[in-house]
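Let me begin by presenting the structure, written as structure tokens, before commenting on it.
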Amino acid sequence: MDKTPTNPNPSDNAAAKSGWVDRALNFIEVVGNRLPDPAVLFLALMVIIWVLSWLLSGGSFGTVHPATGEAIQVTNLLSGDELARFLSSMVTTFTGFAPLGVVLVAMLGVGVAEHSGFINAVLKKLLAVTPQMLLTPMLILVAIVSHTAVDAGYVLVIPLGGVIFYAAGRHPLAGIAAAFAGVSGGFSANFVPSAIDPLLQGFTQTAAQIVDPQVQVNPLNNWFFTSASCLLVTLLGWWLTDKVVEPRLKKVAIDGDEEDMPVMHGLGGREKKALYLALVVMAAGIVTLVAWMLPETSAMRDAQGQLASFSAPAMKSIVPLIFLLFVIPGVVFGYMAGTFKTSKDVIDAMSKTMSSMAYYIVMVFFCALFISEFARSGLGTLLSVEGGNLLAAMNLPGPVTIMGIILLVAFVNLFVGSASAKWALLAPIFVPMLMQIGFSPDLTQAAYRVGDSSTNIITPLMPYFPLVVVYCQRYVKSTGIGTLVSMMLPYSLVFLLCWSVFLVIYWSLGIPLGLQASYSYP
């Protein structure tokens, strides 16, 4: 009898086994791409928020704001006063939307560096010394570390992920997905302290002092855990990119405009000299900046001598510094390599970059209005506090409670994107509650950070989500919300599950979460 398998290709068997996953992700992509254009979606969501605020504004929910002690009320956004406020503040709501300025200023500098050929030259050298098999983890690790500089990763590392993968002959959308997973999905996995640490610590300490006024929480109270999480997220992201996401993208054709595609030729002698000089200039700028920041009396420090606080000029200057550290070497490289002949070429490079951001600016207009109205309505606050109260009333065992907090935060993050805004609401509920059963504030904060990071990459309401869609459209014009969500969903689910289990095991083994004293609570 002929025992030859009907399907001799082992890869086909693997495909059959994972068929349900593929079908599920394809379904999500199809449904998501049938949604309206992101700009129209934000407009529709804003109208829905208006109607909900009108319907719920007369109700009394008996929910008390944990920070103020006042009853939470839903504001009727369709009242005459609120509509007048909406119209009179529309311009400032748009121009004051924080991601808008961050993206545009940073992209001016990055655009000069890109169109001069400086970024391509750096990437050629980087690819030459990076083994092909380590390209993905290298990109994810850089993406994770990038949010030390606040939002730099969104405007710098994510688009470069596409460029690096495209230059290496791999699908550029896989590079964008890997970088996005590191920058946003791994937001709380970093071995380099950043401004988010003291920001969250301030809310945690205030909440802990509700129970014990003497409690002091170290700003680096999660540092050991976030450092260990950096390795976890890198390994998970590496496996997901190479084994799950990129294989699905093989059937997605790259149909972007050829003139906008990054082209990687070998470096000529003139380009090599230009690259070395530009890198020397960049290094000199970094050394000068560090030397300026080091003295305790540096003007780049805050009143308490801190560099990492949000009030420190150093942190407020991150985006302008990115602009300078790219535009100056970019100009040097351009003139030395011959890609720039006159100053007009530099301005043309900036102009070309800004022209590619036109679609993003339109989306941001509607996104800014929606987020402002959602916050103004009070619906996000009501949703967060009611969910926290429900979890507290369930009185679950310790590990289950931790998992419950993570899942609740992950869900709320789909609607309220700001990490500080959510923790300002949830910390006064969770921290005192868990202190009563022996959980330290740093454990509760770590659980919050895991839940907050894991779903950043699948919510279209995250301010930078439309920008990532634009990055993808450079290579695949049909990319929509559904395409990006279906790409990022495996990262989100695996991060959420594995990172949660990792925290529970980490805590169960008694390993310190960070620079924090031991507390014994009643």
Side-chain angles (χ1 to χ4, degrees), residues 21-49 97 99-100 103 107 154-155 158-163 165-166 170-181 183-185 240-241 244-258 260-261 355-371 374 413-415 417 454-493:
V21 177
D22 228 23
R23 287 194 297 271
L25 294 175
N26 287 338
F27 174 76
I28 293 171
E29 179 176 355
V30 170
V31 172
N33 283 339
R34 287 182 178 176
L35 292 172
D37 183 271
V40 177
L41 180 61
F42 284 123
L43 177 60
L45 288 173
M46 185 173 67
V47 173
I48 292 173
I49 292 301
F97 191 57
L100 179 63
V103 169
M107 288 302 291
Y154 291 103
V155 297
I158 295 177
L160 289 187
V163 174
F165 268 51
Y166 184 74
R170 300 175 61 178
H171 203 291
L173 263 59
I176 290 174
F180 191 21
V183 171
S184 197
L240 286 164
T241 302
V244 178
V245 175
E246 192 165 17
R248 289 192 70 247
L249 290 171
K250 287 182 178 179
K251 56 189 177 184
V252 178
I254 300 173
D255 60 358
D257 295 329
E258 290 189 10
D260 289 334
M261 293 292 189
S355 66
S356 68
M357 301 303 295
Y359 181 57
Y360 172 71
I361 293 172
V362 173
M363 285 193 293
V364 161
F365 174 73
F366 294 101
C367 178
L369 295 179
F370 163 72
I371 291 176
F374 188 50
N413 192 42
L414 297 175
F415 306 95
S454 300
T455 50
N456 278 338
I457 48 181
I458 59 171
T459 170
L461 303 185
M462 198 264 288
Y464 288 104
F465 196 91
L467 181 64
V468 182
V469 174
V470 172
Y471 293 150
C472 293
Q473 289 174 343
R474 178 182 186 184
Y475 303 97
V476 180
K477 293 180 179 180
S478 62
T479 300
I481 289 177
T483 307
L484 186 55
V485 170
S486 68
M487 276 201 310
M488 303 313 300
L489 188 60
Y491 293 101
S492 182
L493 294 178

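Source: prediction; values computed, not measured.
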> In Å and rounded to the nearest 0.5 Å, what is the CZ to CZ distance from Phe366 to Phe42?
Replying inline: 11.0 Å
> side chain to side chain contact (heavy atoms under 4.5 Å, CB included) between Leu43 and Met46: does it pass, once the steps are laid out?
Replying inline: CA-CA 5 Å; Leu43 177 60; Met46 185 173 67; 3.8 Å; yes
> How close do Ala174 and Leu249 get, heavy atom to heavy atom, and via which atoms?
Replying inline: N-CD1, 3.4 Å
> Can you tell me how far the CG atom of Asn456 sits from the OH atom of Tyr464, to the nearest 0.5 Å?
Replying inline: 12.0 Å
> Among Leu173, Val252, Thr483, whose side-chain contact (heavy atoms from CB on, under 4.5 Å) with Cys472 holds?
Replying inline: Leu173
> Pro172 and Ile254: which non-hydrogen atoms are nearest, and at how many Å?
Replying inline: CD-CD1, 3.4 Å
>> Can you classify the ring geometry of Tyr475 versus Tyr166 as parallel (below 30°), tilted (30 to 60°) or perpendicular (above 60°)?
In response: tilted
>> Donor-acceptor check, side chain of Tyr491 to backbone of Ile458, threshold 3.5 angstrom: yes or no?
In response: no
> Would you say the side chain of Phe165 lies within less than 4.5 Å of the side chain of Glu246, judging by non-hydrogen atoms?
Replying inline: yes
>> Once rounded to the nearest 0.5 Å, what's the spacing between atom CG of Leu493 and atom CG of Leu240?
In response: 9.5 Å
> If you take all heavy atoms of Gly161 and Ala179, which pair is closest and at what distance?
Replying inline: CA-CB, 4.4 Å
> Hey, which of Leu160, Val468, Val469, Thr479 is the one that makes side-chain contact (heavy atoms from CB on, under 4.5 Å) with Ile176?
Replying inline: Val468
>> Show the nearest heavy-atom pair for residues Tyr154 and Tyr471, with the distance to one decimal.
In response: O-OH, 2.9 Å
>> Keeping Ser184 on the side-chain end and Ala181 on the backbone end, is there a donor-acceptor pair under 3.5 Å?
In response: no
> Are side-chain heavy atoms of Met487 and Leu484 found at a separation under 4.5 Å?
Replying inline: yes
> Considering all heavy atoms of both residues, which atom of Ile457 and which atom of Phe180 are nearest to each other, and what is their separation?
Replying inline: CG2-O, 3.6 Å
> What's the shortest heavy-atom distance between Ala177 and Met488, and which atoms?
Replying inline: O-CE, 3.3 Å
> Checking Ser492 side chain against Ser454 main chain: does a donor-acceptor pair fall under 3.5 Å?
Replying inline: yes
